[in-house]
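This report concerns only the one structure given below.
Count residues from 1 along the sequence. Keep in mind it's a predicted model, so treat the numbers as computed, not measured.
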Amino acid sequence: MAVNGKVTRPVAIVAVAIALLTCSHYLAFRWTLITARNPVGRTTRSQSYPYRTSTQSGVASSDDHAKLERNSAKLERNSAKLERNSAKLERNSAKLERNKRMLEPVHSSPPTSSKELVRLKVLVKSAPKNGERRKQARNNWAYRCKLGDLHNRRTQSGSRSRQSFDYNKHLSLRDEYYNEPGEVVFEDAGHRLEVACMFVMGEGATQAEKRSLQQEFQTHGDLQIGKFTDEYGIMTSKTIWTLNWSLESLDYDYVMLIDDDATVIWNHFAPLVVSASRRNLYSGHLHIPLGVRRCQHDPQGRGNCVSMQQYGKADYPPFASGFAYYMSRDVARVVVHAAILRISPYGLPGNVEDAMVGVMAKIGGVSLTASPQFLHYGYDTAKQYLCRTDPPAAVVGNAPQALLNRISDLGKRGAPLCQALPQS
């Protein structure tokens with residue numbers, strides 16, 4: 001009640017009480033709304049999202065475990081795939097390196113001394129049945145460059161097992177064995193000549209020949225065997241295959257192709273090699289005559305004849321007799337490319353590989369450098385050339401095996417080769 005414009009004390013107390021009651025009702029109403037939306041013991045959605053109730057924990061644990069196993073299996077598969085891709089990358093890298101060696105000249109690594117390093121690979125043309133000839137070669141002129149020593153040292157050290165030979169997969173040593181440093185057969189004031197030798201051939205025609213080659217490989221490790229049957233009438237194709245394989249797999253400055261019934265006198269041949277040109281070199285004994293022997297009614301040129309379809313000219317360009325010749329790496333590449341690009345639809349002639357090498361070299365602009373130090377025993381006067389000292393005979397071919405053995409022995413001792421001839 002207001003008295004004289006003033007509020008009396010009881011009225012004020014009642015107003016305060018009403019205000020407090022109103023506030024309490026409002027607070028109670030708000031609390032009711034809050035508890036209705038979020039009862040006690042119940043968490044909010046945002047709080048409960050990462051978690052599961054106790055009734056779901058067992059199921060959650062099982063699902064997580066299964067998911068973990070699936071992820072682990074997927075990780076293992078990806079790891080295996082990564083390993084396969086890595087191995088494939090390594091194989092492609094190795095293939096790329098081989099192709100680079102084939103397409104580009106090889107630059108030798110710097111030798112340990114100031115002398116120029118000259119590398120020669122000697123590829124001995126042989127046949128599965130010629131085991132005795134290979135034995136004679138190893139015991140005579142090839143003793144200076146056998147790869148068997150490298151193979152045996154590798155085997156003894158445990159890095160290569162002889163039991164790893166698999167005839168049906170691969171019959172040769174791997175490239176890294178061939179490209180080990182060769183034997184130093186000659187050294188002068190400015191050069192070091194390293195030589196490595198191996199015998200090249202096709203597969204044996206019979207199981208007995210295959211078993212014999214397997215045993216010989218395990219004993220010596222100096223065979224390179226192509227995936228073709230070695231038989232009469234494929235000498236030209238075999239020679240092109242040999243040169244192509246050498247370009248893909250070997251590092252060398254010069255490559256020499258020699259028959260297994262020829263011999264090398266190293267103290268005469270080595271100075272000839274180190275003084276030769278590194279490019280455009282194709283050298284050996286000048287073959288005479290140069291006339292082409294024609295096939296009668298055989299366009300495929302089997303044997304020692306050549307058809308008009310395979311080679312139409314009447315004469316060959318000057319070429320080296322097939323018993324032995326050597327060439328620089330760039331010429332080997334020229335011969336292989338010419339044979340591949342210009343091959344006749346009737347194929348390469350069968351057994352005139354020496355003439356065809358001369359033809360392919362001529363196509364590439366390379367001419368024969370005839371060497372008087374290559375002696376073809378069947379064509380030349382033996383006494384005249386074996387007894388000659390300026391220049392001395394360096395390579396002798398097509399001679400009887402007993403005579404070749406005597407020549408090799410005299411060459412090792414530095415004795416006159418004339419002493420190998422029977423005394424008349």
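A salt bridge is defined here as a Lys NZ or Arg NE, NH1 or NH2 lying under 4.0 Å from an Asp or Glu carboxylate O, and Asp259 with Lys125 meets this definition. Between Lys67 and Asp63, none of the side-chain N atoms (NZ, or NE/NH1/NH2) sits under 4.0 Å from a carboxylate O, so this pair counts as no salt bridge. Salt bridge annotation for Glu216-Arg134: present, with a cationic side-chain nitrogen under 4.0 angstrom from a carboxylate oxygen. A salt bridge links Glu203 to Lys227: one of the charged nitrogens lies within less than 4.0 Å of a carboxylate oxygen. The residues Arg278 and Asp253 are annotated as salt-bridged, a charged nitrogen and a carboxylate oxygen being separated by less than 4.0 angstrom. Looking at Asp222 and Arg138, a side-chain N of the basic residue comes within less than 4.0 Å of a carboxylate O on the acidic one, giving a salt bridge. By the 4.0 Å N-to-carboxylate-O rule, Lys88 lies too far from Glu90 to be salt-bridged with it.
The two residues Val331 and Val366 have their closest heavy-atom pair at CG2-CG1, 3.9 Å. Closest heavy-atom contact between Val359 and Pro317: CG2-CD, 3.8 Å. Heavy-atom minimum distance, Ala370 versus Leu286: CB-CB, 4.0 Å. Taking every heavy atom of both residues into account, Gly202 and Asp230 meet most closely at N-OD2, 2.8 Å. Residues Ala339 and Ile240 come closest through the heavy atom pair CB-CD1, 3.8 Å. Here the closest heavy-atom approach between residue Leu213 and residue Gly204 is recorded as CD1-N, 4.1 Å.
A 6.0 Å sphere centred on NZ of Lys412 holds more than 12 heavy atoms belonging to other residues, nucleotides or ligands. Atom NZ of Lys362 sits in a sparse spot, with 12 or fewer heavy atoms from other residues, nucleotides or ligands closer than 6.0 Å.
Between Arg133 and Ser126 there is no side-chain heavy-atom pair separated by less than 4.5 Å. At a threshold of 4.5 Å between non-hydrogen side-chain atoms, the residues Lys210 and Thr206 do not count as touching. Side-chain contact between Leu417 and His268 is present, with heavy atoms from C-beta onward closer than 4.5 Å. The closest side-chain heavy-atom distance from Glu194 to Arg192 is below 4.5 Å. Pro400 places a side-chain heavy atom less than 4.5 Å from the side chain of Leu403. Side chains of Asp261 and Phe323 form no contact here, defined as non-hydrogen atoms less than 4.5 Å apart. Residues Ile265 and Trp141 are not in side-chain contact: their nearest non-hydrogen atoms beyond the backbone lie 4.5 Å or more apart. Looking at Val195 and Arg119, their side chains never come closer than 4.5 Å, going by heavy atoms from C-beta outward.
Distance alone, capped at 3.5 Å, is enough to place a donor-acceptor pair between the Ser275 side chain and the Leu272 backbone. Side chain of His285 to backbone of Ser321: no donor-acceptor contact under 3.5 angstrom is found. Listed for the Gln373 side chain is a donor-acceptor partner under 3.5 Å among the backbone atoms of Pro392. Side-chain N or O atoms of Ser212 include none that pairs as donor or acceptor with a backbone N or O of Glu209 at under 3.5 Å. Without hydrogens or angle criteria, Arg388 side chain to Pro391 main chain gives a donor-acceptor distance under 3.5 Å. In terms of modelled atom types and a separation under 3.5 Å, the side chain of Ser283 and the main chain of Thr369 share a donor-acceptor contact. Between the side chain of Thr239 and the backbone N or O of Met235, at least one donor-acceptor pair lies under 3.5 Å. Side-chain atoms of Tyr252 do not come within 3.5 Å of backbone N or O of Met256 as any donor-acceptor pair.
Between Phe217 and Phe199, the ring center distance fails the sub-6.0 Å criterion. Annotation: Tyr282 is not in aromatic contact with Phe319 [ring centroid separation under 6.0 Å not met].
Considering CE of Met198 and CD1 of Ile225, their distance stands at 13.0 Å, rounded to 0.5 Å.
Of the N and O atoms on the side chains of Asn140 and Ser408, not one donor lies less than 3.5 Å from an acceptor on the other residue. No side-chain donor from either of Ser328 and Arg279 sits under 3.5 Å from a side-chain acceptor of the other. For Glu187 and His191, the side-chain atoms include no donor-acceptor pair closer than 3.5 Å. Side chains of Asn405 and Gln136: a donor-acceptor N/O pair is present below 3.5 angstrom, by distance only.
A cation-pi arrangement is absent between Arg329 and Tyr254 under the rule of less than 6.0 angstrom and at most 45 degrees off the ring axis.
Between Phe269 and Tyr326, the angle of the ring planes goes over 60°, which puts this pair in the perpendicular group of the 30/60° scheme.
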